[in-house]
Amino acid sequence: MLDILQQYWLMLLVGQYPNGPLGGLAMTLILAVCGLSLSFPLAILLAVARTSPYRWVARISGYTVNMIRGMPLLMLIFWAYFVLPKVTGHSISGFWTLVCALVVYESAYLSEVIRAGIEAIPKGQIEASRSLGVGYWTTLRKVILPQALFNVLPGMTSQFVSTIKETSLGYVISVNELTFAANQINNMVLTQPLQVFGILAIMYFIVCFSLSRAVGWLDRKIRRVRQMSPA
Amino acid sequence: MLESVYLWQLLNGMATTLTLFSVAWVMAFSLAMVLVVVRTLNLRICRWIVDAFVEYHRNVPLMVQVLFWYFGMPELLPEGFRSWLYAHNAELSLAAIALALGSSAYIAEDIRSGLRAIPGTQFEAARALGSSYLQTMRYVIVPQALRISTGPLISRALLLFKNTSVAMAIGVVELTYQAREIENETYRTFETFGAATVLYLCGSFLIMLIGMRIQARFALNRGAGHA
Amino acid sequence: MIKFDKVNKWYGDHHVLTDIDLHVRKGEVMVVCGPSGSGKSTMIRTINRLEEIQKGTILVDGQDIHAKGVNLNHLRGGIGFVFQQFNLFPHMSVLQNIMYSPVHVRKQGKQETRDLAMSLLERVGLAHKAEAYPGSLSGGQQQRVAIARALALKPPVMLFDEPTSALDPEMVGEVLQVMKALARDGMTMVCVTHEMGFAREVADRVVFMDAGQIIEVAAPDEFFGNPRHPRAQKFLADVRAH
Amino acid sequence: MIKFDKVNKWYGDHHVLTDIDLHVRKGEVMVVCGPSGSGKSTMIRTINRLEEIQKGTILVDGQDIHAKGVNLNHLRGGIGFVFQQFNLFPHMSVLQNIMYSPVHVRKQGKQETRDLAMSLLERVGLAHKAEAYPGSLSGGQQQRVAIARALALKPPVMLFDEPTSALDPEMVGEVLQVMKALARDGMTMVCVTHEMGFAREVADRVVFMDAGQIIEVAAPDEFFGNPRHPRAQKFLADVRAH
Amino acid sequence: DQLADIAARGTLVCGTLGTSQPFSFQDAATRTLVGYDVDVCKLVADKLGVGVEYKLLSVAARVPELNESRVDILAANLGHSPARAEQIAFSHAYYVSPQKLLVREDSGLETVEQVNGRRVGATKGSSSEREVKRILDKSSVIGYADSSATYLALQQKKIDAQVASELVLVRLLLQSPPTAPVAIVREPVFMEYWGLGMRKDEPAFVARVNEILDEAEQDGTAAALFEKWFGAETPYKLERSFKIAPIAE
Ligand SMILES: Nc1ncnc2c1ncn2[C@@H]1O[C@H](COP(=O)(O)OP(=O)(O)OP(=O)(O)O)[C@@H](O)[C@H]1O
Ligand SMILES: Nc1ncnc2c1ncn2[C@@H]1O[C@H](COP(=O)(O)OP(=O)(O)OP(=O)(O)O)[C@@H](O)[C@H]1O
Ligand SMILES: [Mg+2]
Ligand SMILES: [Mg+2]
């Protein structure tokens, strides 16, 4: 295991860079960050639509979310790979294809988490804000979302973690990320797949686990500041 | 569209996917229950073990877990049992185990948050009536926790159903495997993946429908105004 | 100041407000009581349109609140509302809670608003808690902050829906004291409450509701001393029995 | 029946019960009152070991409840406990709630238990709600079911921890009525409550607690009419103020 | 017409796998794309007088990418079969791959016929998997994610034989630890003819590519390329047993 690591660590970290395209762990992280930062606002929008007082808005967004939830990400990536260029008229790189598929998929899941948070806000909170003369959108922005998002922080974290893990499906469309790099190494080493995938597992674990821990720490800190009971 | 041979092949794959899903779900659910109970025992060592189990499964990609179970685990088994296993569809059973373990970590967490949503006073009320710890868990706490966590559990079932596709990495001939096979044989990529997508959607909607039924049947009316 | 004219409201088939006629004058303190489910909360909530009505009109300050073109947020800004469950925003400090509506509705400057908020906190006796979060306050303190928050837009009318019934008995006093001070300063108030002592001391009139109707309107001495309607007699007997 | 002897309890450094000595006789109704945080709940909960104590002994029916080999479930089965928040099981119907302890603790037959449960429901006036779920009942009704549930094992002692303080004022009456009937039937009862009327009518003695100590034990007329201790005087004044 | 488009663009877009040694893979030292397929693409581009641009494709994406016109030509382990030939046009065979069996040395298996009836592993979705199912009709064939997974399954006795191209098997044989020796069954199971893939509606382009390949065969360039990647200097030490020629249906 150590000899593999010694020989290929650069490839695992950055892929062919700087002689070729960036890849490996660096690419995985870039993908995850792009996927997350784009799906987050979209998920909020979807969640707000699903809790909207307009029945049809709620219904349409509900169908959309369930449709996406019913499809394996693999299939979604596949369709994005071929449909996106048709729609936009431009050829689109594997990287952006994967980002788009991830964003669509993750915002559906994330929106479910956020919706649960919004629905759990006591009605009195909304009434209190509205009775002070504050409008719907400001109430949403200043009262509902801050509380809802904070309350579902653990749920969102595990969604973030699965996004990181799901970038690994990028290898199907040859996006040069961590799993792809590991596959390449595996093809070169050929006879030690367990060791190669062991290294892969450890790398994912370190990244994901530190993320969860960091968010947990943040959560406790905010609770302390707000003098709320620990969750 | 696709000739009937291929369609038949896809349906075959779907059958395997469903088998894998149901077996893994039952195992995952039972194991999750054990995890939850062990975790509530409040022994430092138990909590530590369960937490490690959960963290491992949550932070390592499923694919890697499946590979580990197929290639790593059987090496620890005695020779005789191992060859028996390989002769009896080891791929399917080991994939089911890997999937079940992975899901059980999540299910256990879902149930645990369901447990936390039950006011502690419910526990006290049952104990004050003279029922034992186990009775209280069995008749009062767990039924409520399950009702509270139906929503997350349905999502979990859905994810498990879709995740069965990683089993193809170790040669389980399920839906995605079959689709790839047909695609490779005919190069008719769109038709094949289109049909597979439709099949997956059907399965998912079926699970959602059943879930909604269960949810409607067991909805917990905790009453207006009283937390 | 507030005028109900033949106000009716239904939840589906359920007739919760029937022909409500009522006139609350400027500076008047009106206490509303009646059995549970009689429609007290519903009635008081219609005044700032937290509940919609199906028939009749409600005038606030001479304006029909259901007229076309009424700015709902502006209307609500002019009516303070205090809830049974306090409903403070747990993610904001006490000061931020109070500054919330001036900043977001009136777009007032931060510094000026802060001064106003501090003076309101002074008034409810909680200036030392400005930086605390609601989670660390007792029920009575939370309700006093909620009153300060409702006062932040300087509304000419205050509505209270059972402001003390979620409180431990000994915290009731501190909240009532703040309310009494408000009444003495000439605030127009409508209070749903079962606190007889408070009603006797500061109410100008008491309204008794039952099954969605106003059954009796009388001065407190008269109402408590000599209720005319048998339902009111029974209710008073019930409340006093224990 | 129940005897406290130099009972002490700490939460960490916090001394919540200090040298409690008390004797509740068979058939006696004892009311416990005192300011919030004075340890009333803690004290009553030690009787069926919902709270553990660190020093002293508690005898129930002559038996030390902390003796080795005491069957905790058996002990608790012989003591009915009614909570402030009702704590009915929301996933069971009213009937199932009441049948819970006879079926699971005493392993009684279903049919026989059902008859018992129905007669208990009759007694609290809710026979027509047997199939309803707790979520659909009013607070008063829920508390009456909770009392019936606590009676299902025919306990010789009943403990009540503020059974009416989560209720709307007019539902208080219906619950107190059930409790009064119980008292009249000769049940041994310990009630934490602020309901003066109830205390005057049925209590044999009133216990006043403050800061974890029993400060005064007296007959209700004496206690309400002429409290000896200044803390008790202040407390009564506070409660009556509004 | 595609030839004109390529000329206008000045580059030939060549789809290749990037994960298949020694056809198309990242060189570990320089971490650049090299291999037999890569060189063949380069050859075609040079003869067309244009530059070459490589596009890495996954196995599932190669044919759609071609038919969607996102690449001009595929050099991506495309084994010929009649069903596949309905979807894309194949060039002349530029590589012929004998598909053989790898067995554990202690298993005593020596002929293809002996293996028939045993558990056989193959790379999932490969053409060898499909063909071996037809030829070894008594065996159960299990597909794994890649050849190293299949090899591991063989070592762990999950399967009795691994079917793959001779090339892959030679590499596996060379890297096998001496403690667990394996052997290649001499007789091939079948021969697979690899062609470059092009769109069916571009006959002129197909004809031009075939012309280029034939030329390369005649002037020895093709043989030199084979020597470079598979010959005596390489770990594989293969003999060139084929000539570039049309694939028989
Ligand atoms: N959202 C609703 N949907 C249907 N019925 C409702 C709703 N809100 C209230 N009601 C019904 O309207 C009636 C009046 O309710 P309201 O809350 O105004 O009573 P109340 O006098 O404030 O009672 P309480 O003293 O318990 O607060 C009740 O019968 C109640 O069941
Ligand atoms: N689990 C606990 N951990 C630490 N301190 C506690 C705990 N439960 C109660 N206390 C403290 O013990 C003291 C007595 O509490 P207890 O609930 O018995 O008071 P009470 O008289 O019942 O008050 P109330 O009228 O509010 O119900 C209080 O100071 C309280 O803060
Ligand atoms: Mg109300
Ligand atoms: Mg208490």
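As the structure is a computational prediction, the values presented were derived from the model and not from experiment. Note: hydrogens, waters and symmetry copies are ignored here, and every other heavy atom, side chains too, is used.
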At a 4.5 Å cut-off on heavy atoms, which part of [X] comes close to chain B: side chain, backbone, both, or neither?
X	result
A:Ser212	side chain
A:Phe205	both
A:Leu178	neither
A:Leu74	side chain

Which atoms of [X] come close to chain A, meaning under 4.5 Å heavy atom to heavy atom: side chain ones, backbone ones, both, or neither?
X	value
B:Leu201	both
B:Phe190	both
B:Phe205	side chain
B:Ser155	both

What's the spacing between B:Leu153 CG and B:Ile214 CD1 if we round to 0.5 Å?
9.5 Å
OG (A:Ser61) and CZ (A:Arg59) are apart, to the nearest 0.5 Å, by 10.5 Å
Name the option with the most non-hydrogen atom pairs under 4.5 Å to chain B; the candidates are A:Met75, A:Glu112, A:Met67.
A:Met75
Salt-bridge criterion met for B:Glu109 and B:Arg112 (N-O under 4.0 Å)
yes
For B:Arg47, is the CZ atom crowded, meaning more than 12 foreign heavy atoms sit under 6.0 Å from it?
yes
With the side chain counted from C-beta on, respond yes when [X] and [Y] share a heavy-atom pair under 4.5 Å apart, and no when they do not.
X	Y	answer
A:Ile114	A:Ile118	yes
A:Ile121	A:Val143	no
B:Ile182	B:Glu185	no

